[in-house]
Amino acid sequence: MAEDFHIIQGTKEEIYQALIPKIKALIEGEPDLVPNLANITADLKEQFGWLWVGFYLVKPFGSAQDSELVLGPFQGPIACTRIKKGRGVCGTSWQKAETLIVADVEKFPGHIACSSLSRSEIVVPIIRNNQVVGVLDVDSELLGQFDETDKKFLEQIILEISIS
Ligand code: SME
């Protein structure tokens, strides 16, 4: 695979519309999850220049039938490795099984500050067979960076991922 990276120009909607088939082509034919998640984070980070883009995956831990979010492929500053259900924006998105848009992370009770530079955030749960199996987390250094357009298209991108 030889892929040159070209920044797509246009409105945010136009960028996403061009990015989605590009991401589909990027992960098509590769059955392994890690390289696909890694390439998606790289493509989103390069395209939008966000502070942090990455995945957390729901994984079992301990001897009990318990699970937590564990850091997966990401682009950006180092991040916390484990998040419990209901904690922070990621754990709340997991608990509620819904996308959360946080315009100002300082106003989100329990927000986990992996980077002091983060100002706003969107977290999209990956739902398969009615279970949340992971989340896509995106952080920005700017307040109010994410809106319904990001929600709509990031949710579409998430649907392209084969994950069990
Ligand atoms: N801010 C997130 C934690 C993950 S980092 O942003 C990468 C949260 O509150 O869940």
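Remember, it's 1-based here, ligands and their atoms both numbered in the order they're listed. Bear in mind that the values here come from a model prediction, so they are computed numbers and not experimental data.
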**Message:** Below 4.0 Å, non-hydrogen atoms only: which portion of Asp137 touches ligand 1? Side chain, backbone, both or neither.
**Reply:** side chain
**Asked** Looking only at protein heavy atoms, which one is nearest to atom 8 (C) of ligand 1, and how far off is it?
**Response** Val89 N, 3.3 Å
**Request:** Decide, yes or no, whether a salt bridge links Arg119 with Asp139 under the criterion of side-chain N to carboxylate O below 4.0 Å.
**Result:** no
**Complete:** Contact region, Trp52 to ligand 1, non-hydrogen atoms below 4.0 Å, reads side chain
**Request:** Any atoms of ligand 1 less than 4.0 Å from a non-hydrogen atom of Tyr56? List them with their elements.
**Result:** 4 (C), 7 (C)
**Message:** Side chain or backbone, does Cys80 bring an N or O within less than 3.5 Å of an N or O on ligand 1?
**Reply:** no
**Request:** Consider every N or O of Cys90 and every N or O of ligand 1, then say whether any pair is closer than 3.5 Å.
**Result:** yes
**Request:** Consider ligand 1: state whether an atom of it lies below 4.0 angstrom from any non-hydrogen atom of Phe74.
**Result:** no
**Proximal atoms of ligand 1 relative to Asp139 (non-hydrogen, under 4.0 Å)** = 6 (O)
**Prompt:** With no hydrogens and no angle check, is any side-chain donor or acceptor of Asn39 less than 3.5 Å from a backbone partner on Asn36?
**Reply:** no
**Message:** My understanding is that only one of Lys152, Glu148, Lys151, Glu155 makes a side-chain hydrogen bond (donor to acceptor under 3.5 Å, both in side chains) with Thr99; could you say which?
**Reply:** Glu155
**Fill in**
Which of Lys85, Lys59, Arg82 passes salt bridge (charged side-chain N to carboxylate O under 4.0 Å, His left out) with Glu68? Answer is Arg82
**Item:** Identity and separation of the nearest protein heavy atom to atom 3 (C) of ligand 1
**Value:** Ile112 O, 3.5 Å
**Asked** Going by the atom numbers of ligand 1, which of them fall below 4.0 Å from some non-hydrogen atom of His111?
**Response** 1 (N), 9 (O)
**Prompt:** Between Glu30 (side chain) and Asp32 (backbone), is there a donor-acceptor pair under 3.5 Å?
**Reply:** yes
**Item:** Heavy atoms of other groups near Leu159 CG, more than 12 under 6.0 Å
**Value:** yes
**Asked** If you measure every N/O of Arg87 against every N/O of ligand 1, is any gap under 3.5 Å?
**Response** no
**Asked** Do Glu121 and ligand 1 have an N or O pair less than 3.5 Å apart?
**Response** yes
**Prompt:** Which of the atoms of ligand 1 are close to Cys114, meaning less than 4.0 Å from one of its heavy atoms?
**Reply:** 3 (C), 4 (C), 5 (S), 7 (C)
**Prompt:** Between the side chain of Ser118 and the main-chain N/O of Ser115, is any donor-acceptor distance below 3.5 Å?
**Reply:** no
**Request:** Describe, in one word, how the ring planes of Tyr16 and Phe48 are oriented to each other, choosing from parallel (under 30°), tilted (30 to 60°) and perpendicular (over 60°).
**Result:** tilted
**Message:** Within a 6.0 Å radius of atom NZ on Lys96, are there more than 12 heavy atoms belonging to other residues, nucleotides or ligands?
**Reply:** no
